[in-house]
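When reading the values below, keep in mind they use all heavy atoms of this one structure, side chains included, and skip hydrogens, waters and symmetry mates.
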Amino acid sequence: MEAVLAITLGIMMASGVYLLLRARIFPVVMGLTLISYAVNLFIFSMGRLATGVPAIIGRSAEYGDPLPQALVLTAIVIGFAMTAFVVVLSLRGLGELHTDHVDGREPRE
């Protein structure tokens with residue numbers, strides 16, 4: 001299971017970096033979102049999740065650690081706000097520059 005998770009995280013990060021390097025507005029936004037999802041999955045998996053254990057300390061010898069879940073929940077909210085900000089910023093740049101290239105000018109081919 002760890003190998004599947006590592007491969008999934010690697011594919012998500014590689015896809016996000018590839019999309020960031022495309023130098024167009026929409027792929028850059030999607031790349032940032034994909035990288036934030038990969039980081040959230042990594043943080044969530046580092047919490048050593050277990051099924052069937054209580055979330056708080058009680059009579060059980062084992063309990064689930066709520067800290068990674070709280071960190072991921074906070075990261076999801078921050079990631080959504082960041083994505084909304086980047087989309088609005090890119091739409092404004094698209095309106096002013098009339099191109100979707102990230103540096104504002106079309107490359108010569």
- Is there a side-chain contact between L32 and T83 (heavy atoms, below 4.5 Å)? no
- Minimum side-chain heavy-atom gap R24-V29 below 4.5 Å: no
Under a 4.5 Å side-chain heavy-atom rule over Ile, Leu, Val, Met, Phe, Trp and Tyr, are [X] and [Y] clustered together?
X: I78; Y: L71; result: no
X: M82; Y: L91; result: yes
X: L5; Y: Y37; result: yes
X: I11; Y: L21; result: no
X: V87; Y: I35; result: yes

Working to the nearest 0.5 angstrom, can you tell me the gap between [X] [atom1] and [Y] [atom2]?
X: F80; Y: T33; atom1: CZ; atom2: OG1; answer: 10.5 Å
X: E2; Y: L9; atom1: CD; atom2: CG; answer: 12.0 Å
X: I25; Y: T99; atom1: CD1; atom2: OG1; answer: 7.5 Å

Considering all heavy atoms, the nearest [X]-[Y] contact:
X: A75; Y: N40; result: CB-OD1, 3.1 Å
X: A23; Y: H101; result: O-CD2, 3.4 Å
X: A38; Y: M12; result: N-CE, 3.6 Å
X: L34; Y: S15; result: CD2-CB, 3.4 Å

